[in-house]
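Structure record follows, encoded as structure tokens.
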Amino acid sequence: MQTIRRLASLEPKCALAIGGLDPITGAGLYSDVKTFSVMKVLPLALATCLVIENSSGAKGVVPLAHELVRLQLKEILEDCHPKAIKIGMVYSGDVVELLAEELPREPPVVLDPILKSWDGKDLITAEGLKSLIELL
């Protein structure tokens with residue numbers, strides 16, 4: 001609780017969450033946005049993919065095109081200067097490479113990679129995992 005109070009006093013209060021969109025809101029960007037909001041931090045959200053799932057499990061992943069991820073990041077960073085960055089689900093190697101090249105170097109980064117769904121479905125490609133290990 002002391003950590004939340006200490007973080008709530010920082011100005012300006014914005015943080016960037018990077019990850020997948022989970023339609024049942026149990027994880028991913030929706031969960032990060034809720035967490036940031038509870039901490040009184042303005043959530044900035046960059047989507048990397050859509051996870052196709054329901055309460056019975058993950059059915060698939062639809063990655064967003066590299067250019068869409070790049071444009072989201074460009075627009076967010078033109079307007080806001082996050083004090084922290086949280087990286088969750090990236091799915092593909094090209095997104096990892098983009099983040100390694102384009103993310104600002106000054107704010108702290110929390111890397112919380114999502115490798116599998118709760119029911120065992122792979123949520124990162126083999127290339128994505130290799131890039132994640134090498135670059136982030």
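- What you find for Ala100 and Arg105 is that their closest heavy atoms are O-NH2, 2.7 Å.
- For Lys40 against Lys13, the heavy-atom pair with the smallest separation is O-CD, 3.1 Å.
- The same ILVMFWY cluster, assembled from side-chain heavy atoms under 4.5 Å apart, contains both Leu135 and Leu46.
- Considering only heavy atoms from C-beta on, Leu16 comes within 4.5 Å of Leu73 through its side chain.
- Cluster partners of Ile114, using a side-chain heavy-atom cutoff of under 4.5 Å among ILVMFWY residues and allowing indirect links, are Val51, Val61, Met89, Tyr91, Leu123.
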Pair Leu111-Leu132, side chain to side chain contact (heavy atoms under 4.5 Å, CB included): steps then yes or no: CA-CA 10 Å; Leu111 182 58; Leu132 185 76; 4.0 Å; yes
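- A 4.5 Å side-chain heavy-atom check between Leu77 and Pro104 finds at least one atom pair inside the cut-off.
- Taken together through direct or relayed side-chain contacts under 4.5 Å among Ile, Leu, Val, Met, Phe, Trp and Tyr, Val33 and Val38 form parts of separate hydrophobic clusters.
- Here the CZ atom belonging to Arg70 is positioned 9.5 Å from the CD atom belonging to Glu75, to the nearest 0.5 angstrom.
- With salt bridges taken as basic N to acidic carboxylate O contacts below 4.0 Å, none links Glu127 and Lys130.
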Carefully, step by step, assess Leu64 and Gln72 under the rule side chain to side chain contact (heavy atoms under 4.5 Å, CB included). CA-CA 11 Å; Leu64 295 183; Gln72 288 179 86; 3.9 Å; yes
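- Contact annotation: the side chain of Ile18 never approaches that of Lys86 to less than 4.5 Å [non-hydrogen atoms, C-beta and beyond].
- Between the SG atom of Cys49 and the CG atom of Leu68 there is a distance of 12.5 Å, given to the nearest 0.5 Å.
- What you find for Asp22 and Ala27 is that their closest heavy atoms are OD2-N, 3.0 Å.
- Among all heavy-atom pairs drawn from Ser37 and Pro43, the shortest one is OG-CG, 3.9 Å.
- Note that the CD1 atom of Ile24 and the OG atom of Ser56 stand 8.5 Å from one another [nearest 0.5 Å].
- Under the side chain to side chain contact (heavy atoms under 4.5 Å, CB included) criterion, Ile52 pairs with Lys59, Val62, sequence neighbours left out.
- Under a hydrophobic-cluster definition in which Ile, Leu, Val, Met, Phe, Trp and Tyr are linked whenever side-chain heavy atoms come within less than 4.5 Å, directly or via other members, Ile133 and Val110 are assigned to different clusters.
- Between atom SG of residue Cys14 and atom NE2 of residue His81 there is a gap of 8.5 Å, rounded to the nearest 0.5 Å.
- Residues Ile87 and Leu103 have side chains in contact (heavy-atom distance under 4.5 Å, counting atoms from C-beta outward).
- The cluster map of Ile, Leu, Val, Met, Phe, Trp and Tyr, joined by side-chain heavy atoms under 4.5 Å apart, puts Leu115 and Trp118 in different clusters.
- Scored by the side-chain hydrogen bond (donor to acceptor under 3.5 Å, both in side chains) test, Lys74 finds Glu78 as partners (sequence neighbours excluded).
- Closest heavy-atom contact between Glu53 and Ala58: CB-CA, 3.5 Å.
- Atom NE2 of residue His66 and atom CG of residue Leu71 lie 10.0 Å apart, to the nearest 0.5 angstrom.
- Rounded to the nearest 0.5 Å, atoms CG (Leu29) and OG1 (Thr48) are 7.0 Å apart.
- Listed here is the closest heavy atom pair of Gly93 and Thr125: N-OG1, 4.1 Å.
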